[in-house]
Asks: 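Let me give you the structure first, and then I'll get to my questions.
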Amino acid sequence: MIEQFAENVDLGLSKSEKTLPSKYFYDKNGDELFIEIMNMPEYYLTRCEMEIFTTQTDELVDSFRADKNEYFELIELGAGDGSKTRKLLAALSDKGYQFDYLPVDISQNSLEQLQLSLQHHLPLVSVVPKHGDYFEMLGSVKDSHHPKIVLFLGSNIGNMTDTVASDFLYQLGANLSKNDKLLLGTDLIKSEDIVLPAYNDESGITHSFNINLLHRMNTELGANFDLDAFSHAPEYNEDEGIAKSYLLSNKEQSVKIAATGKTYHFRAGEKIHTEISRKYDDDVLAKILAKTDFSVNSKFTDQKNYFANYLLNRN
Ligand code: AVI
């Protein structure tokens, strides 16, 4: 795990345009900061998706076209704290569907919290947690032959480039069977005055979230990043509908990383690209789905039309 982290960091920091993979945001500290982000006034995404899950629960359940007499697996990729899914789990359980809930998450800590909270709130729902990253989990999805409904919520797909998203959905489709379903949560393309503050909040939580990546390298890879010598610098291109987060070097500096045995140089003002947060519309989704086995069945949006949950059918 540490070797892979070091390898990924070395690869990213050796490029002429430096990058770091966003999946390393999520250690214990990063998980906690992300929960704070979801509660920030500027971060509308979670509230909008929660509104959809709260006000259209029955419609979502109906869209799955599940058979009450046939057991199915409800798999959630990147489950996080599962608060939205709880609405769905409660409705499915109340309506008498037969299913197991399989939350998949890169964070062992989040999975444990989720399991405890579900045991408390929904003791009748059977929970089978899976620890790992989504890509690793794709193969294991295929091991069972029961019908599957996959949840990929929270705009998590937005943290992939379009090419990676398309490839990911292609592979997910290849591991599913005809008429399995995918519920995909996407943040919709909208103006900069709404999107940018969500990634640049007044209280500086997103700053801490981004800087935590450097802190993590200091503690886990023996790096000597001066955390005050970098700033959080998000950008949003409204035409493309893509937000990007950067860490900006406030001065010319060098950083040593013991785990890679190398020193990395940063120019004053040089940026490290740490995250992409892609926003969607029907056309963007259609292009991403073009080479996959999925087609759009229905679309659920919040009242402001900020966020959409697309129900996709595996053809
Ligand atoms: C997890 N993911 C969908 C979040 C997003 O909106 O891209 C991560 C995040 N990064 C900064 N704020 C939130």
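Reckoned from all heavy atoms, side chains included, excluding hydrogens, waters and symmetry mates.
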Asks: For residues 189-197, tabulate all N or O donor-acceptor pairs below 3.5 Å that involve a side-chain atom, not counting sequence neighbours.
Replies:
residue, atom, partner, partner atom, Å
Lys190, NZ, Tyr44, OH, 3.0
Lys190, NZ, Asp187, OD1, 2.7
Lys190, NZ, Leu188, O, 2.7
Lys190, NZ, Tyr306, O, 3.2
Ser191, OG, Asp193, OD1, 2.5

Asks: Asn210 vs Ser245, test: side-chain hydrogen bond (donor to acceptor under 3.5 Å, both in side chains). Steps then yes/no.
Replies: CA-CA 8 Å; Asn210 205 2; Ser245 284; 4.7 Å; no
Asks: Could you check whether Glu51 pairs with Arg47 (Lys NZ or Arg NE/NH1/NH2 to Asp/Glu carboxylate O, under 4.0 Å)?
Replies: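 No salt bridge links Glu51 with Arg47.
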Asks: Does the cation-pi check pass for Lys18 over Phe266, that is, NZ or CZ under 6.0 Å from the six-membered ring centre and within 45° of its axis?
Replies: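 Ring-cation test returns yes.
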Asks: Is it the case that one hydrophobic cluster holds both Leu11 and Leu247, taking links as side-chain heavy atoms less than 4.5 Å apart, direct or via other members?
Replies: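 Hydrophobic grouping puts Leu11 apart from Leu247.
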Asks: Taking only Lys NZ, Arg NE, NH1 and NH2, and the carboxylate oxygens of Asp or Glu, determine whether Asp293 and Lys178 approach each other closer than 4.0 Å.
Replies: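 No, this pair does not count.
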Asks: Supply the atom-to-atom distance Leu182 CG to Leu151 CG, rounded to the nearest 0.5 angstrom.
Replies: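 The CG atom of Leu182 sits 8.5 Å away from the CG atom of Leu151.
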Asks: Between Leu116 and Leu111, is there shared hydrophobic-cluster membership here, with clusters defined by ILVMFWY side-chain heavy atoms closer than 4.5 Å?
Replies: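 In one cluster: no.
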Asks: Has Lys84 got its NZ or CZ under 6.0 Å from the middle of the six-membered ring of Phe53, at an angle within 45 degrees of the ring axis?
Replies: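 No.
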Asks: Can you tell whether the side chains of Lys271 and Glu235 come within less than 4.0 Å, N to carboxylate O?
Replies: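 Yes.
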Asks: Report yes if some heavy atom in the side chain of Leu221 is under 4.5 Å from a heavy atom in the side chain of Thr260; otherwise report no.
Replies: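 No, every pair of side-chain atoms sits at 4.5 Å or beyond.
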Asks: Should Tyr71 and Phe99 be marked as a ring pair (Phe, Tyr, Trp, His ring centres under 6.0 Å) after you check the CA-CA gap, both sets of side-chain angles, and the distance that decides it?
Replies: CA-CA 5 Å; Tyr71 165 87; Phe99 67 100; 8.5 Å; no
Asks: Any non-hydrogen side-chain atom of Ile257 less than 4.5 Å from a side-chain atom of Lys262?
Replies: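 In short, these two side chains do not touch, never coming nearer than 4.5 Å.
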Asks: Given side chains that start at C-beta, do those of Leu118 and Arg86 come closer than 4.5 Å, heavy atoms only?
Replies: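 Counting from C-beta outward, Leu118 and Arg86 do come under 4.5 Å.
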Asks: Let me confirm one number: the CG-CG distance from Asn309 to Leu183, rounded to the nearest 0.5 Å.
Replies: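 If we round to the nearest 0.5 Å, Asn309:CG and Leu183:CG are 5.0 Å apart.
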Asks: Is any side-chain heavy atom of Asp105 closer than 4.5 Å to a side-chain heavy atom of Tyr26?
Replies: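 Not in contact.
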Asks: Do Leu184 and Leu153 come within less than 4.5 Å of each other through their side chains, counting heavy atoms only?
Replies: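 Not touching, per the 4.5 Å side-chain cut-off.
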Asks: Less than 6.0 angstrom separating the ring centers of His273 and Tyr246, yes or no?
Replies: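 Here the rings of Tyr246 and His273 have centres that are less than 6.0 Å from each other.
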Asks: Looking at Asp167 and Lys291, is there a salt bridge between them, counting it only when a charged N and a carboxylate O are closer than 4.0 Å?
Replies: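 No, Lys291 and Asp167 are not salt-bridged.
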Asks: Which class fits the ring pair Phe152 and Phe168: parallel under 30°, tilted 30 to 60°, perpendicular over 60°?
Replies: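 Taking Phe168 first and then Phe152, their aromatic rings sit tilted (interplane angle of 30° to 60°).
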Asks: Is there a side-chain contact between Leu77 and Val150, using heavy atoms and a 4.5 Å cut-off?
Replies: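 Yes; the side chains approach each other to less than 4.5 Å.
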Asks: Do Ile106 and Val164 sit in the same hydrophobic cluster, where Ile, Leu, Val, Met, Phe, Trp and Tyr count as joined when their side-chain heavy atoms come under 4.5 Å apart?
Replies: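 In one cluster with Ile106: Val164, no.
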Asks: For a side-chain hydrogen bond (donor to acceptor under 3.5 Å, both in side chains) check, start with the C-alpha distance between Ser22 and Asn159, then their side-chain angles and the critical distance, and finish with the verdict.
Replies: CA-CA 8 Å; Ser22 59; Asn159 297 131; 5.3 Å; no
Asks: When you look at Asn297 and Asn313, which way does the side-chain hydrogen bond (donor to acceptor under 3.5 Å, both in side chains) test go after all the steps?
Replies: CA-CA 6 Å; Asn297 254 13; Asn313 189 57; 4.5 Å; no
Asks: Looking at Tyr170, I want to see if its OH is surrounded by more than 12 non-hydrogen atoms of other residues, nucleotides or ligands under 6.0 Å.
Replies: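 For Tyr170, atom OH is not crowded (no more than 12 foreign heavy atoms under 6.0 Å).
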Asks: Aromatic rings Tyr199 and Tyr43: how do their planes relate, parallel, tilted or perpendicular, breaks at 30° and 60°?
Replies: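 Perpendicular: the ring planes of Tyr199 and Tyr43 meet at over 60°.
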Asks: Are Thr274 and Thr19 side-chain neighbours, meaning at least one heavy-atom pair lies under 4.5 Å?
Replies: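 They are not in contact (no side-chain heavy atoms under 4.5 Å apart), so the answer is no.
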Asks: Would you indicate whether Lys287, at its atom NZ, is surrounded by more than 12 heavy atoms from other residues, nucleotides or ligands within a distance under 6.0 Å?
Replies: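 No - once you tally the heavy atoms of other residues, nucleotides and ligands closer than 6.0 Å, there are 12 at most.
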Asks: Should Arg267 and Glu252 count as an ion pair when the cut-off is N to O under 4.0 Å?
Replies: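 No salt bridge links Arg267 with Glu252.
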Asks: Determine, for Lys244 against Glu275, whether the closest basic-nitrogen to carboxylate-oxygen distance falls under 4.0 angstrom.
Replies: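 No, this pair does not count.
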Asks: Crowded around Lys87 NZ? As in, over 12 foreign heavy atoms under 6.0 Å?
Replies: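 Not more than 12 within 6.0 Å, no.
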Asks: Within the distance-only criterion (no hydrogens, no angle test), does the side chain of Asp180 pair as donor or acceptor with the backbone N or O of Pro147 below 3.5 angstrom?
Replies: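 No, Asp180 side chain to Pro147 backbone: no donor-acceptor pair under 3.5 Å.
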Asks: Verify the ring-centre separation between Phe25 and Phe34: is it less than 6.0 angstrom?
Replies: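 No: the rings miss the under 6.0 Å criterion.
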